[in-house]
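Everything on this sheet refers to the single structure shown next.
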Amino acid sequence: MSQETRTPDYDPATLEPHWQQRWAEEGLYHSDVESARPKFYALTMLPYPSGDLHIGHWYAVTPSDARARFERMRGANVLFPLGFDSFGLPAENAAIQRNIHPREWTTKNMERMRGQIRSMGTMIDWRREIASSDPEYYRWTQWLFLQLLAGGLAYRKHAAVDWCPSCNTTLAREQVVGEDRRCERCGTLVTRKELEQWFFRTTRYAEELLDFSAIDWPERVRTLQTNWIGRSEGARIRFAPAGRAQDTEPVEVFTTRPDTLWGATFLVLAPEHPAVAALTSAERRDEVTAYVEGARRQSDVQREAADREKTGVATGGHVVNPATGEQIPVWIADYVLPGYGTGAIMAVPAHDQRDFEFARKYGLEIRPVIRPAGGEALAAAQMEEAYVGPGELADSGELTGTPTTESVRRTGEWLAARGTGESAVTYRLRDWLVSRQRYWGAPIPVVHCPACGIVPVPEDELPVRLPEDVEWRPTGESPLKLHPTWRKVDCPRCGGPGERDTDTMDTFVDSSWYHLRYLSPHYDDGPFDPAEYRYWMPVDTYTGGIEHATMHLIYTRFFHKALRDLGITQGDEPMLRLRNQGIILGEDSEKMSKSRGNVVAPDALVARYGADTVRAYLMFFARWEQGAPWSPDGIEGAARWLRRVWTLLLEGRQATQDSGGAPQAGEATRRALRRKVHQTIAQVTQDFERFQFNTVISALMELANEMSRATADGAAGSSEWMEAESVYLRLLAPVAPHLAEELWHRLELGDSVHRQSWPEADPEAAAEDEITLVVQVNGKVRDRLVVPADVSREEAETRARASEGARKFTEGLTVRKVVYVPGRLVNIVAT
RNA sequence: GCCGGAGUGGCGGAACGGUAGACGCAGGGGAUUUAAAAUCCCUCGCCGAAAGGCAUGCGGGUUCGAAUCCCGCCUCCGGCACCA
């Protein structure tokens with residue numbers, strides 16, 4: 001046997017670390033402000049340093065990286081940073097279990113994860129890394145808190161707040177999930193606690209947050225946010241107290257059906273409503289007090305179970321229905337929630353099912369005031385449920401006869417003219433509770449002074465550092481409160497003895513602005529360098545999981561708008577385009593978890609196949625936005641593909657050299673190769689733009705197959721082959737950066753492939769010169785003809801009608817019509 | 001209950017209203033090999049010997065032509081839910 005030149009093996013284990021090191025040394029992925037080039041800010045959600053990198057991290061980061069690389073090769077100056085969301089409860093909980101300091105646990109995890117992320121071969125600019133638990137970072141989280149405070153957007157109030165007894169801290173409304181109200185983090189049933197807490201005024205931005213017109217975000221996220229904000233249009237109506245209480249303030253209700261006012265036969269207050277005491281008569285006092293006490297003791301789960309039978313008690317007090325002038329009784333009932341609307345409703349039992357049930361149970365009047373469309377007037381005694389359909393107003397004074405299509409508007413005008421009410425909008429959204437009674441977070445930078453009240457810590461004293469020597473075990477009190485000295489400070493205003501706020505901030509505050517700190521992570525004069533901001537912001541593409549739809553993704557929009565109003569940021573939205581990746585489930589189609597033992601460890605995959613294969617497979621194995629159960633066999637396909645590319649290009653180069661520039665392949669083969677090359681450029685470009693990574697890979701696989709056929713036909717050595725090589729490696733570079741780089745160098749194509757520009761598709765080269773013309777009879781495929789691409793209509797129709805398939809199926813029929821779709825088909829309509 | 005999203009081969013999935021199932025996995029057959037791995041070639045929706053027929057959750061409709069558009073259902077996933 002003769003000694004052949006053997007193609008070396010594809011060995012990612014050596015070439016990947018080699019290139020990673022080279023790129024780092026050269027600073028290949030440093031992104032700096034460069035006004036000459038268009039910027040592109042590609043952001044991916046920052047990970048929590050939980051210790052071990054999960055395949056889900058790879059799924060979030062590597063396709064995002066590929067897309068950032070694509071933008072870079074297209075000529076943009078791309079910023080693709082990463083950091084760590086390193087404050088938070090898991091660090092504290094882990095630290096408690098292992099008896100090490102949260103900082104130590106977090107630092108170790110970040111080190112480990114940094115190494116793992118580096119193995120992905122991303123274009124992350126590590127100079128811009130941030131960690132939210134860094135004093136250099138949280139100094140500015142605190143500074144931003146103070147700006148919100150000064151701007152009236154942060155405030156303190158005493159309220160019943162959601163409390164997780166396991167995490168021993170308060171939770172934001174968004175962190176309470178499910179029908180039975182569990183802690184978003186640990187799943188424990190949430191209870192209520194009365195506490196004085198810090199809030200951010202998210203509700204002030206409710207209306208603006210509903211407007212998505214300036215951003216390209218997925219429909220799914222937009223609806224989740226829209227539902228979460230929960231806008232209701234209706235009216236506020238004031239009911240003046242009657243009898244003994246007539247000198248007290250009117251009771252205001254919110255209703256979406258002001259047009260049913262004439263049917264309001266009683267009023268219901270939430271047990272917590274401030275007017276309860278004034279409206280309660282002496283003889284009802286004991287019963288009312290007992291009911292209020294009972295409601296307070298009940299858990300929210302019990303109270304808010306919709307299927308529970310309604311209970312309530314009469315207060316003995318009355319108010320005047322402003323429409324009818326009649327006195328109607330006032331009740332209290334726990335189906336009216338203190339936190340929504342005004343905490344009081346007008347009950348219209350004839351037209352609201354809840355009120356109907358309540359009225360039937362307690363024998364209250366049911367008075368129909370809507371005549372159903374095209375039907376008989378309703379009779380209260382015969383009704384079995386509330387009528388909520390369309391119709392016209394009945395027994396409604398001067399508005400009688402108004403159709404329900406305009407009755408809400410006209411009642412609003414009627415009320416406004418009398419000064420007893422007006423149109424109003426209510427939101428479900430609550431203000432964001434940001435205080436946490438835990439150690440591992442950014443301390444709230446205020447001092448409580450007995451003389452001056454709440455005093456902000458002066459800017460030049462920031463950051464308010466976390467003390468290191470603290471008992472961080474949770475007791476329900478903030479650990480900072482238990483520190484012997486930390487909280488004792490002089491009041492910055494009067495110099496008298498004061499006390500630091502001992503709560504820390506919700507970690508969602510940290511992550512609401514991290515994209516700004518990446519711009520200048522070590523900037524000392526503000527949260528970010530304005531010059532960097534002007535160049536890089538807003539974020540062009542934001543990628544991450546959908547689970548943050550009603551948390552982080554609302555908070556960060558709120559934060560940006562609030563900072564805009566404080567003159568700190570510009571523009572209305574922080575992130576222009578959002579795309580969410582799906583979830584990779586375990587092989588058993590269940591959520592991956594250590595306890596189920598179905599966790600896929602990326603390190604093992606990288607060790608076995610190399611990072612490029614893992615990247616390619618993650619982009620290929622499912623629709624990115626959908627996710628799928630992990631399939632261990634599929635990755636072999638991606639590995640095979642990259643190995644084939646390796647041998648194809650190296651053997652192709654050998655054959656090129658052997659040919660001495662005289663390819664054996666004929667013109668047709670070479671033209672076909674060039675056509676496929678340019679078709680692939682167009683396809684891959686379009687699919688990258690749309691985040692359709694799976695078809696990027698399949699297009700590249702197809703081109704490799706075509707190139708494989710072309711070399712078999714002797715295309716190596718031709719100019720078409722050389723073009724194919726160069727294009728292939730550039731299209732591959734975002735997906736498999738190490739392999740593409742290695743081959744780029746082995747083929748001696750020049751400097752780093754990652755500095756090359758994205759190839760451009762030549763439509764002329766991509767055009768087919770022959771097409772398959774489909775012949776249909778009555779819409780069914782009956783024949784296929786190969787014709788020149790520029791075939792004339794007449795020619796196409798004639799040949800189609802003469803085709804065997806067409807003749808066979810039109811025999812004995814009359815041709816009524818012929819539809820011709822150029823380049824595709826001829827449809828013969830015959831009967 | 002309300003609001004979204006999704007239903008296409010054994011599997012992941014392709015498909016500007018125009019050849020349904022690209023690309024890949026798994027399966028079947030073969031080549032190479034002492035053997036295996038790796039690699040390469042062929043095959044692969046269902047029924048049918050073939051001609052052909054049937055197929056994109058179900059039922060209608062629009063259209064020359066529907067996975068794609070419209071109407072009505074069913075199932076799964078997610079969110080919200082006594083929100084006045």
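Computed from a predicted model, the values in this text were never measured in an experiment. Letters A, B, ... are given to chains in the order of the sequence lines, protein chains preceding strands, and every chain is numbered from 1.
In this structure, the CG atom of Leu825(A) is 14 Å from the P atom of C64(B), given to the nearest Å. Remark: P of C83(B) and CZ of Arg181(A) are 15 Å apart, rounded to the nearest angstrom. Between Trp624(A) atom CH2 and G5(B) atom P the separation is 19 Å, expressed in whole Å. Rounded to an integer number of Å, the gap from Tyr609(A) OH to A38(B) C1' is 13 Å. We find that CH2 of Trp641(A) is positioned 15 Å from P of U39(B), with the value rounded to whole Å. Separating the CD1 atom of Ile546(A) from the C1' atom of G5(B) is a distance of 9 Å, rounded to the nearest angstrom. For the pair Trp228(A) CH2 and C83(B) C1', the computed distance is 12 Å after rounding to whole Å. Note: NZ (Lys310(A)) to P (C82(B)) measures 10 Å, nearest angstrom.
Taking the centre and axis of the six-membered ring of Phe809(A), the NZ or CZ atom of Arg782(A) falls inside the cone set by 45° and 6.0 Å. Annotation: cation-pi pair Lys310(A)/Tyr335(A) present, NZ/CZ under 6.0 Å from the ring centroid and within 45° of its normal. Figure legend: Arg579(A) and Trp217(A) shown without cation-pi pairing, the cationic atom not lying both under 6.0 angstrom from the six-membered ring centre and within 45 degrees of its axis.
Separation of the P atoms belonging to C82(B) and C69(B) is 35 Å when rounded to the nearest angstrom. A distance of about 29 Å separates the C1' atoms of C11(B) and G59(B), rounded to the whole Å. Of the P atoms belonging to C76(B) and C83(B), the separation is 25 Å, rounded to the nearest Å. The separation of U43(B) from C25(B), taken at their P atoms, amounts to 16 Å, rounded to a whole angstrom. Taking the P atom of each, A22(B) and A15(B) are spaced 12 Å apart, rounded to whole Å. Nucleotides C41(B) and G5(B) have their P atoms positioned 43 Å apart, rounded to a whole Å. For G29(B) and U75(B), the C1' atoms lie 39 Å apart once the distance is rounded to whole Å. Using atom P as the reference point in both G18(B) and G65(B), the two lie 14 Å apart (nearest Å).
Residue Thr256(A) is in sugar-phosphate contact alone, with no base atom involved, counting any heavy-atom pair closer than 4.0 Å across all strands shown. Arg782(A) comes within 4.0 angstrom of sugar-phosphate atoms only, judged by non-hydrogen atoms across all strands, and of no base. Phe620(A) comes within 4.0 angstrom of a base, heavy atoms only.
For the residue pair Gln679(A) and Gln683(A), no side-chain donor N or O sits within less than 3.5 Å of a side-chain acceptor on the partner. Counting only N and O atoms by type, the side chains of Gln225(A) and Arg557(A) include a donor and acceptor under 3.5 Å apart.
Across all strands shown, the partner of G24(B) is C11(B), judged by Watson-Crick or G-U wobble contacts whose two distances both fall under 3.5 Å. When both distances must be under 3.5 Å, the Watson-Crick or G-U wobble mate of A35(B) does not exist. Remark: G59(B) base-pairs with C71(B); criterion is Watson-Crick or G-U wobble with both hydrogen-bond distances under 3.5 Å. Shown here, G78(B) forms a base pair with C3(B); the pair counts as Watson-Crick or G-U wobble because both key distances fall under 3.5 Å. Base pairing of A51(B): no nucleotide in any strand meets the Watson-Crick or G-U wobble criterion (both distances under 3.5 Å).
Note on Ser232(A): a side-chain N or O is less than 4.0 Å away from OP1 or OP2 of A84(B). Taking side-chain N and O atoms only, Arg222(A) has no distance below 4.0 Å to OP1 or OP2 of C3(B). Taking side-chain N and O atoms only, Asn227(A) has no distance below 4.0 Å to OP1 or OP2 of A81(B). Within the 4.0 Å cut-off from OP1 or OP2 of C2(B), not a single side-chain nitrogen or oxygen of Arg428(A) is found.
The aromatic ring centres of Trp641(A) and Phe620(A) sit 6.0 Å or more apart.
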After noting the C-alpha distance and the side-chain angles of Tyr10(A) and Thr647(A), does the key distance pass the side chain to side chain donor-acceptor pair (under 3.5 Å) rule?
CA-CA 8 Å; Tyr10(A) 168 47; Thr647(A) 22; over 6 Å; no

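With distances taken from any side-chain atom of Tyr340(A) to the nucleotides G53(B), C83(B), A20(B), the minimum falls on C83(B).
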